[in-house]
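What's counted below: heavy atoms across the whole structure, side chains too, no hydrogens, waters or symmetry copies. Just so we're on the same page: letters track the sequence lines, and every chain starts at 1.
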Amino acid sequence: MTDKEVRVRFCPSPTGTPHVGMVRSCLFNYAWAKHCEKFGNDEGIKGGKFVFRIEDTDHVRDSEDSYQMILTSLKWLGLNWDEGVEVGGPDGPYRQSERTQIYRDVAKSLLDKGYAYKCFSTKEEIDTRNKAAGRPVQFGYDNFDRNLTDEQIKEYENEGREFTIRVKMPQDQDITFDDIVRGEVTFKAGTIPDYVIVRSSKDGNGDPLYTLTNPVDDALMNVNCILRGEDLLSSTPRQVVLWKYLIDIGVAKEPVKYGHLPYVMGEGNKKLSKRDPESNLFLHREKGMIPEGLINYLALLGWSLSPDDDIFSMDQLVEAFNPKDVLANPARFDMKKCTAINAEHIRMLDVEDFKKRLIPYLHGSVSADFVNCDLLREIAENEPDMPKLQTYQALVSADKWDNLTEDEQRIITAAAPLIQTRVQLLSEARNLLAPLLSKEEKMNVEEDAKKQLKSGKNPSGEEIDYHKVIETAINSLKSLENWTTDSIHNTLQEALSISPEGEPDYQNSLNLKPRFAFSPLRVAISGKRISPPLFECMEILGKDLTIKRLENLD
RNA sequence: GCCCCGAUCGUUUAGAGGUCUAGGACGCCGCCCUCUCACGGCGGUGGCACGGGUUCAAAUCCCGUUCGGGGUACCA
């Protein structure tokens with residue numbers, strides 16, 4: 001079975017808020033599994049499975065909230081797994097906290113076979129020996145207990161001393177493996193000391209550590225392709241060695257390939273940390289990144305679809321993706337480009353789809369009681385590691401369209417096509433839609449909009465005050481029966497503006513250039529310098545409200 | 001200290017010895033379209049870290065240097 005499919009996995013530790021680097025790793029694993037499933041890999045193996053396992057062996061740092069958030073994230077992004085937590089599979093359970101006995105058994109086998117040994121040295125003893133031998137403290141463990149005699153071991157055990165279990169690293173040969181992303185990587189012989197796989201205890205049943213649980217589970221779950229972060233590159237020789245031992249004791253069946261994905265960096269040259277806002281997946285979501293946009297952008301970090309096309313769908317990614325094409329050098333997360341890519345995907349959305357995705361971002365502007373996203377920001381800023389899970393989940397919850405009033409539905413339906421090219425992030429819709437959703441008869445004029453309220457000159461040099469423009473507009477609109485965008489446009493143009501080129505001059509027009517004619521109206525209607533198209537806005541607002549707002553402009 | 005990884009416009013990416021006076025995208029600047037803002041269209045800005053090799057020929061291969069990153073945990 002395992003020789004017929006490529007098996008990859010994503011195995012985060014549930015610590016803190018999901019971040020973009022983690023998502024990118026997950027994405028590439030997902031894409032490769034799906035690619036192999038649909039198109040086969042380079043060796044003609046057709047079949048791919050994506051396993052999702054949780055590595056919760058660090059009881060201090062792990063949290064249930066974090067686990068739930070990871071689930072929420074992957075579901076939101078559509079990165080569905082074939083085997084793993086929640087969905088099950090042949091090699092469960094998929095949470096390491098439920099697999100402790102498995103690791104103990106493997107550790108025992110390793111000990112019996114002589115691939116691992118009991119280490120009674122304490123940290124202090126190791127440091128003391130290093131100091132005495134003139135070695136720096138960073139030298140680390142000196143493999144001292146490897147050569148303990150049976151008598152010495154007995155003696156320590158009788159004393160009741162605690163011991164860890166360490167894996168023997170070959171000291172006389174280089175360790176080489178072929179990294180999918182980086183090519184051949186070699187670690188010099190003798191540079192890696194024997195390492196701990198089980199925490200200290202008196203009976204050898206201490207907590208198993210990542211160094212053991214991770215390779216053991218990969219072996220047991222028949223994973224044959226490991227795509228993971230660059231931070232794990234230097235622990236790979238240890239795993240390469242352990243993997244050989246695991247094959248010998250029958251835990252692993254076949255060799256495994258490694259591919260180390262480059263870091264996602266923040267500004268400058270520092271790794272994107274959990275504290276950086278742009279690393280926080282939920283913050284991106286709150287700002288109105290859509291899954292399509294975020295996935296597209298993240299895939300672009302270290303990979304590209306083609307020389308001249310930056311915008312692509314998950315299907316295109318799956319079809320083209322191959323980890324051997326991933327670049328080895330780290331990439332910086334650029335919010336501007338990420339936002340621009342998101343904007344492209346927003347524009348590609350079906351307008352019905354677009355308008356519904358807007359709803360969670362209109363809190364405060366519509367009647368229904370939606371999630372307060374400002375709370376999310378507050379949480380993220382103050383407690384990046386301890387977010388309020390329920391709040392996040394509320395944002396994920398079902399479509400709220402039906403909770404809107406009929407009037408709100410009407411307005412949003414009419415306005416959605418007007419703003420679709422005007423937002424890069426869904427959260428920007430709120431500002432654009434606010435004047436349309438509001439029933440205020442007098443708009444509060446924003447500071448930079450006030451500058452638009454200036455006089456214009458007509459062709460004969462006569463100065464026309466904006467009050468005159470508004471008054472003329474009101475008079476012409478009052479008698480307008482057919483309240484549509486086109487008729488409003490025609491009416492106002494004939495009353496205020498110069499006639500279009502080639503047309504006869506208007507008889508009773510103010511003869512202003514369009515920007516002088518219409519800017520004051522925009523300000524009266526929206527209170528803003530920037531708004532959706534003016535005449536459409538007027539139609540949506542209706543005649544009464546439009547005229548009221550014009551009358552109430554100071 | 002030791003080990004490992006990396007280096008093309010501001011950012012990202014194309015480039016696997018000649019097609020490169022280095023291409024695309026985002027950003028930035030300008031112009032056009034235009035009721036504002038966008039969208040769309042057109043144009044511009046801007047880069048092979050440095051030094052040695054190999055070769056008729058190097059962004060591309062090799063070696064150094066520099067700079068950046070990671071590891072050197074009873075974290076993952």
In the structure shown, which nucleotide is the Watson-Crick or G-U wobble counterpart of [N], with both distances under 3.5 Å?
N: U36(B); result: none
N: U72(B); result: G1(B)
N: G6(B); result: C67(B)
N: G17(B); result: none
N: A59(B); result: none
N: A22(B); result: none
N: C31(B); result: G41(B)

Just how far, in rounded Å, is [atom2] of [N] from [atom1] of [X]?
X: Arg228(A); N: C5(B); atom1: CZ; atom2: C1'; result: 14 Å
X: Glu184(A); N: C5(B); atom1: CD; atom2: C1'; result: 15 Å
X: Ile180(A); N: C5(B); atom1: CD1; atom2: C1'; result: 16 Å
X: Asn130(A); N: G1(B); atom1: CG; atom2: P; result: 17 Å
X: Phe10(A); N: A76(B); atom1: CZ; atom2: P; result: 16 Å
X: Asp56(A); N: C75(B); atom1: CG; atom2: P; result: 15 Å
X: Asn342(A); N: A25(B); atom1: CG; atom2: C1'; result: 16 Å
X: Leu233(A); N: C5(B); atom1: CG; atom2: C1'; result: 6 Å

Could you pull out all residues at least two apart from [X] that satisfy ring-ring contact (aromatic ring centres under 6.0 Å, His included)?
X: His19(A); answer: none
X: Tyr115(A); answer: Tyr245(A)
X: Phe535(A); answer: His489(A), Phe518(A)

Carboxylate-amine/guanidinium contact Arg9(A) Asp217(A), below 4.0 Å
no
[M] and [N], which share atom name [atom1], separated by this distance in whole Å:
N: G68(B); M: A49(B); atom1: C1'; answer: 11 Å
N: G23(B); M: A38(B); atom1: C1'; answer: 28 Å
N: C74(B); M: G69(B); atom1: C1'; answer: 27 Å
N: U54(B); M: G43(B); atom1: C1'; answer: 42 Å
N: U55(B); M: C48(B); atom1: P; answer: 26 Å
N: C3(B); M: C50(B); atom1: C1'; answer: 25 Å
N: G18(B); M: C61(B); atom1: P; answer: 12 Å
N: G24(B); M: C32(B); atom1: C1'; answer: 23 Å

For C4(B), does either OP1 or OP2 sit under 4.0 Å from a side-chain N or O belonging to Thr186(A)?
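Thr186(A) to C4(B) OP1/OP2: no side-chain N or O under 4.0 Å.
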For residues Leu496(A) and Ser509(A), report the shortest heavy-atom separation together with the two atoms involved.
C-OG, 3.3 Å
Using the side-chain contact (heavy atoms from CB on, under 4.5 Å) criterion, which residues pair with [X]? Sequence neighbours excluded.
X: Arg182(A); value: Asp179(A), Val185(A), Glu230(A), Leu233(A), His260(A), Pro262(A), Ala328(A)
X: Lys108(A); value: Asp112(A)
X: Asp325(A); value: Trp303(A), Asn322(A)
X: Thr211(A); value: Tyr195(A), Ile197(A), Leu209(A)

Can you confirm whether Lys543(A) is buried at NZ, in the sense that more than 12 heavy atoms of other residues, nucleotides or ligands lie under 6.0 Å from that atom?
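Yes.
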Verify the neighbour count for atom CZ of Arg515(A): are there more than 12 heavy atoms of other residues, nucleotides or ligands below 6.0 Å?
no
Pairs under 3.5 Å (N/O, protein and nucleotides 70-74 of chain B):
unit_1	atom_1	unit_2	atom_2	d
G71(B)	O4'	Ser234(A)	OG	3.2
U72(B)	O2'	Gln138(A)	O	3.2
C74(B)	O2	Ser200(A)	N	2.9
C74(B)	O2	Ser200(A)	OG	3.1
C74(B)	N3	Ser200(A)	OG	2.8

Given G6(B), A76(B), C4(B), identify the nucleotide with an atom nearest to the side chain of Arg182(A).
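Closest nucleotide to the Arg182(A) side chain: G6(B).
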Which parts of nucleotides 12-19 of chain B does protein reach within less than 4.0 Å, heavy atoms only, written one letter per nucleotide 5' to 3' as B for base, S for sugar-phosphate only and - for none?
SSS-----
Does the protein touch nucleotides 30-47 of chain B at the base, only the backbone, or not at all? Give it as B, S and - per nucleotide, heavy atoms under 4.0 Å.
-----BBBBSS-------
With sequence neighbours left out, the residues meeting salt bridge (charged side-chain N to carboxylate O under 4.0 Å, His left out) with Glu125(A) are Arg161(A)
Kindly compute the distance separating CD1 (Ile295(A)) from CE (Met289(A)), expressed to the nearest 0.5 Å.
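Interatomic distance, Ile295(A) CD1 to Met289(A) CE, rounded to 0.5 Å: 10.0 Å.
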Could you check whether Thr57(A) gets within reach of a base, just the sugar-phosphate, or nothing at all, counting any heavy atom under 4.0 Å?
sugar-phosphate
Heavy-atom nearest nucleotide on RNA chain B for Asp62(A) versus Pro136(A): which residue maps closer to 5'?
Pro136(A)
Applying ring-ring contact (aromatic ring centres under 6.0 Å, His included) as the test, list every pair that has at least one member in residues 199-220 of chain A; sequence neighbours left out.
none
